[in-house]
Amino acid sequence: MKPYLQDLLTQALTAACAALGKDTPAVTPVIDATKDKSHGDFATNLAMACAKPLGLPPRKLAEMLLAHLPASERVAKVEIAGPGFINFFLTGDAVTAVVPEILNTGESWGQDLSGAKGKVMVEFVSANPTGPMHVGHGRGAAYGDTLANLFAATGYAVHREYYINDAGRQVDVLTMSVWLRYLEEGGVAFSFPKRGYPADYIKFTAAKLRAVHGSAFQHPLEVVFEGLGVEPQVPEGADDKTKDTIKLAQEKYADGLIDRARKLLGAHYGTITQAALADQLATIRSTLESFNVRYDQWFSEQSLVDSGFAKTAIERLKAKGFVYEKDGAQWLKTTDFGDEKDRVLFKADGAATYFANDLAYHVDKLDRGYPLLVDVWGADHHGYIARVRAAIEMLTGRKDALHVALMQFVTLSSGKMGKRSGNFVTLQDLIDEVGPDSTRFFYLSRSHDQHLEFDIDLARSQSNDNPVFYVQYAHARICSVFKQLAEKGGVHDEALGLASLARLDTDEEKTLLTALARYPELLRVAAANRTPHTLAFYLQELAAALHGYYNQHKFLVDDAALQAARLTLIRATQTVLRGALGLLGVKPKDSM
RNA sequence: GCGCCCGUAGCUCAGUCGGAUAGAGCAACGGCCUUCUAAGCCGUGGGUCGCUGGUUCGAUUCCAGCCGGGCGCACCA
């Protein structure tokens, strides 16, 4: 409807300008759905926007525009209001026209599934395979998956990918931790390193290794800890500087243990690593599956190292002259492209940084033919955006190839999570307690750049306050109406309903029709702005319109034409509810 | 110190690339079930949109500077 009105206004503006003998200002009319019914269905500020360039008072110009506005059978009335708004009142037929459209298309109404806008890759979650996902990761999962759905529904060919950080120091810490727990399984006792991963999920892998490999990885404690000294501990009430110093020393201590593990275990080291990664990834995959999240591809960081691409990708940057050496390390000149300082690619010891591999990964994505990359990251990684974007610009010359969506922090009402505390609330716990539907909807009930307070106690109690029930209830009520009809032996005559849409003239029906008509544009905006939460809010609005309608009017009535019209309307509503819930990854309920 | 995000009702949050009297849920209060599911509906109260300037017909929205909160500023990942 908006493009249609836009077209009418453009014609009017051109004609009015011609009559004035002036050039037509280069403005596209902005059409807004009105908040207030007394302002009609749509309004435009065109007269105010063009008042200055044309040198006319807004209301005077608005009158001229109306005089040149082409007649339309969809527009019942046009009037000038306030400082110069032009308000459009649609005819009843124009308002109900949305109903047959919806019913003809089905749940995908409002969606463009052609993929014609090109390829887009959405990389999301990519949680480190060193432990289970926590509630913060859940936000990225709900967001990324729904955003991908929205892209797919608005004309893009979407690829969903998970980047597995299975290379680098953290994997060594993981391996070392499993090994130490394995040693404990052998009946020895020692103080577990502070910078290791102590949790139960580590013990699980350790126990499995002992069951399969027996004591093949066993070594005497004297040998394991020989020459490492005593691990320093952070004293009570230490200041930040002291804490940092001691934490660094603890990292060194952990490095010593990692070296020891490599030396003593030899080829077995890799066996432990593979077992640990496999267990952690299995847990993550299983959690995501129970969260109704599917990926097209799981991409291994290690595979980039093994194939040599991690190095060859950097060679391209070198060839372009963006890499230089300083203090024995290889640096990338990201400051040329807006970063605040240059970044190390290869350390003085020759090892690649995480950044180097991540860069190679993004190069690989571009090589695979994705002109648009969307990364979903935690807000704590925001400082990382500039360097990746700089590198991509070096290679492609484009600033806009990468979009990073930052997930602000999730806090629990019962305090913040600690990733290494060992007994934090995992995403799996949350899903098990609340169910995947409510959890997804709750995550998407906030803008991603807003801190999210996840009231875990409320969620655990399965309270009715959760908005997802409200939306599902609307769907269930519609189902119930049709069930009642069938039980009474009635049949819904859709043809009669479509022929009788003119009978839908109450305020509640108009509100519902307006909400339905808004859906296609809402999808476009939600995808373009990457704001899936607007879809969650829309669903609540649509459900509210349905509930209001339900309470005010009976659908199963004696008047056959009226009943058919009303049932046709709620059938269309049900169709849109199902389509929108599908995009959110939430299942509709037939009964509560 | 520098950078990113945020500041809207008692609480949790929306506010569609600047629009008309700023919205929803929860909480408070008052109504509505012999009638398609009351997990619902209708109504009432509740606001200097952090502060101060600027841009203009018009600013919660854009800009600048303050104040307050969160998160980052590694040859870690």
Side-chain angles (χ1 to χ4, degrees), chain A residues 30 32-36 38-39 43-45 48-49 51-52 57-58 81-85 87 128 130 165 167-171 173 248 251 301 326-331 340-341 343-355 357-358 378-386 406 408-409 411 445-453 455 458 463-467 469-470 472-474 476-485 487-488 508 518 521-522 524-526 528-529 531 533-534 536-538 540-541 543-544 546-557 566-567 570 591-592:
Chain A
V30 175
D32 281 316
T34 55
K35 290 179 210 163
D36 188 335
S38 68
H39 296 144
T44 181
N45 65 349
M48 289 179 284
K52 200 163 200 180
F85 289 101
N87 294 335
N128 286 338
T130 52
N165 295 126
R169 195 186 116 85
Q170 60 184 347
V171 175
V173 175
L248 225 75
E251 299 277 356
E301 178 184 358
K326 191 181 82 178
D327 304 333
Q330 306 266 323
W331 297 70
E340 56 186 14
K341 56 197 283 192
R343 307 293 173 177
V344 172
L345 291 169
F346 295 99
K347 301 180 239 178
D349 65 5
T353 59
Y354 173 83
F355 175 52
N357 287 350
D358 198 30
D380 52 337
H381 287 73
H382 67 77
Y384 196 75
I385 297 174
L406 291 177
Q408 291 298 324
F409 271 43
T411 48
S445 298
R446 301 279 181 280
S447 166
H448 67 276
D449 56 13
Q450 187 77 230
H451 288 221
L452 170 64
E453 183 177 309
D455 190 334
L458 186 71
S463 156
N464 302 333
D465 299 338
N466 197 318
F469 287 112
Y470 184 80
Q472 287 176 320
Y473 187 34
R477 274 184 149 171
I478 295 170
C479 291
S480 175
V481 170
F482 282 100
K483 211 173 110 196
Q484 290 288 328
L485 176 68
E487 280 171 8
K488 287 182 182 172
E508 288 78 12
R518 220 161 69 76
E521 196 203 350
L522 180 113
R524 277 199 304 279
V525 172
N529 295 347
T531 50
H533 74 279
T534 55
F537 279 92
Y538 170 77
Q540 292 175 73
E541 183 190 318
L546 188 280
H547 286 309
Y549 186 29
Y550 182 97
N551 275 276
Q552 194 62 32
H553 302 283
K554 289 267 298 174
F555 305 144
L556 302 179
V557 291
R566 288 181 170 172
L567 290 179
I570 63 169
S591 65
M592 299 304 286

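As the structure is a prediction and not an experimental result, all values here were calculated from the model. So that the names make sense, note that chain A is the first sequence line, chain B the second, and so on, each numbered from 1.
Distance CZ (R446(A)) to C1' (U8(B)): 14 Å, rounded to an integer number of Å. Taking atom CG of N551(A) as the reference point, atom C1' of C41(B) lies 4 Å away to the nearest angstrom. Protein atom CG of L546(A) is 12 Å distant from nucleotide atom P of A38(B), rounded to whole Å.
Only the C1' atoms considered, G50(B) is 15 Å distant from A9(B), to the nearest whole Å. Spacing of C1' atoms, C41(B) relative to C33(B), comes out at 11 Å, to the nearest Å. Nucleotides A27(B) and G18(B) are separated by 34 Å at their C1' atoms, to the nearest Å. Taking the C1' atoms as reference points, C42(B) lies 43 Å from U52(B), given to the whole Å. Across G68(B) and G58(B), the matching P atoms stand 32 Å from one another, rounded to whole Å. If you take atom C1' in U61(B) and the same atom in G7(B), they sit 14 Å apart, rounded to whole Å. Using atom C1' as the reference point in both G10(B) and A28(B), the two lie 10 Å apart (nearest Å). Straight-line distance between the P atoms of U8(B) and G47(B): roughly 15 Å, to the nearest whole Å.
At a threshold of 4.0 angstrom between heavy atoms, the contacts of A81(A) include nucleobase atoms, whether or not backbone atoms are also involved. Here D327(A) lies in heavy-atom contact (under 4.0 Å) with a base. At the heavy-atom level, A526(A) lies nowhere under 4.0 Å from the strands shown. Contact annotation for H39(A): base contact, defined as any heavy-atom pair under 4.0 Å involving a base atom. Across all strands shown, Y550(A) has heavy atoms under 4.0 Å from base atoms, whether or not it also approaches the sugar-phosphate. H553(A) comes within contact range of at least one nucleobase, with a heavy-atom separation under 4.0 Å. In this structure, N87(A) reaches the bases: a heavy-atom distance under 4.0 Å links it to at least one base atom across the strands shown. Counting any heavy atom pair closer than 4.0 Å across all strands shown, T531(A) reaches no nucleic acid atom. Y384(A) comes within 4.0 angstrom of a nucleotide base, judged by non-hydrogen atoms across all strands.
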Side chain to side chain donor-acceptor pair (under 3.5 Å) between S447(A) and D449(A), worked out: CA-CA 5 Å; S447(A) 166; D449(A) 56 13; 2.6 Å; yes

Given salt bridge (Lys or Arg N to Asp or Glu O under 4.0 Å), test E453(A) with R446(A) step by step and report yes or no. CA-CA 9 Å; E453(A) 183 177 309; R446(A) 301 279 181 280; over 6 Å; no

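The closest donor-acceptor contact from the side chain of R566(A) to the backbone of K554(A) lies under 3.5 Å. At least one donor-acceptor pair under 3.5 Å links the side chain of N551(A) to the backbone N or O of H547(A).
Side-chain N/O atoms of Q450(A) include one lying less than 4.0 angstrom from OP1 or OP2 on A14(B). Neither OP1 nor OP2 of G15(B) sits under 4.0 Å from any side-chain N or O of Y538(A). The shortest distance between the side-chain N/O atoms of K341(A) and the OP1/OP2 oxygens of C73(B) is not below 4.0 Å. When the side-chain nitrogen and oxygen atoms of K52(A) are compared with OP1 and OP2 of C57(B), one or more of them lie within a distance under 4.0 Å. Regarding contacts with the backbone of A38(B), a side-chain N or O of R477(A) is found under 4.0 angstrom from either OP1 or OP2. Here Q552(A) does not reach the OP1 or OP2 of C42(B): none of its side-chain N or O atoms lies under 4.0 Å away.
Judged by atom type and distance alone, H381(A) does not reach the base of G72(B) through any side-chain donor-acceptor pair under 3.5 Å. Side-chain to base pairing of H382(A) with C5(B): no donor and acceptor N or O lie closer than 3.5 Å to each other. Within 3.5 Å, no donor on the side chain of D32(A) pairs with an acceptor on the base of A20(B), nor the reverse. Looking at D380(A), its side chain has no donor and acceptor atom pair within 3.5 Å of the base of G72(B).
Closest approach of P58(A) to P83(A), counting heavy atoms only: CB-O, 3.3 Å.
Side-chain contact between V173(A) and R169(A) is present, with at least one heavy-atom pair separated by less than 4.5 Å. Side-chain contact check for I570(A) versus F555(A): some heavy-atom pair is nearer than 4.5 Å. Here the side chains of Q408(A) and Q450(A) are not in contact, with every heavy-atom distance at 4.5 Å or above.
Annotation: cation-pi pair R343(A)/F355(A) absent, no NZ/CZ under 6.0 Å from the ring centroid and within 45° of its normal.
Two residues, L485(A) and S445(A), neighbour RNA chain B, and the one matched to the more 5' nucleotide by heavy-atom proximity is S445(A). Across the interface with RNA chain B, nearest-nucleotide mapping of L406(A) and A33(A) shows L406(A) to be the residue nearer the 5′ end.
The aromatic ring of F85(A) is stacked on the base of A20(B), with the two ring centres less than 5.5 Å apart and the planes inclined by under 30°.
Under the 90° criterion around 0 for the glycosidic angle, C33(B) counts as syn.
You'll find that the side chain of H547(A) is closest to C41(B), out of C5(B), C41(B), A77(B).
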Taking Watson-Crick and G-U wobble pairs with both distances under 3.5 Å, convert RNA chain B into its dot-bracket string, 5' to 3', dots for unpaired and | for cross-strand pairs. (((((((..((((.....[...)))).(((((.......))))).....(((((..]....))))))))))))....

Report, one pair per line, the protein and nucleotides 67-69 of chain B atoms (nitrogen or oxygen only) whose separation is under 3.5 Å.
none

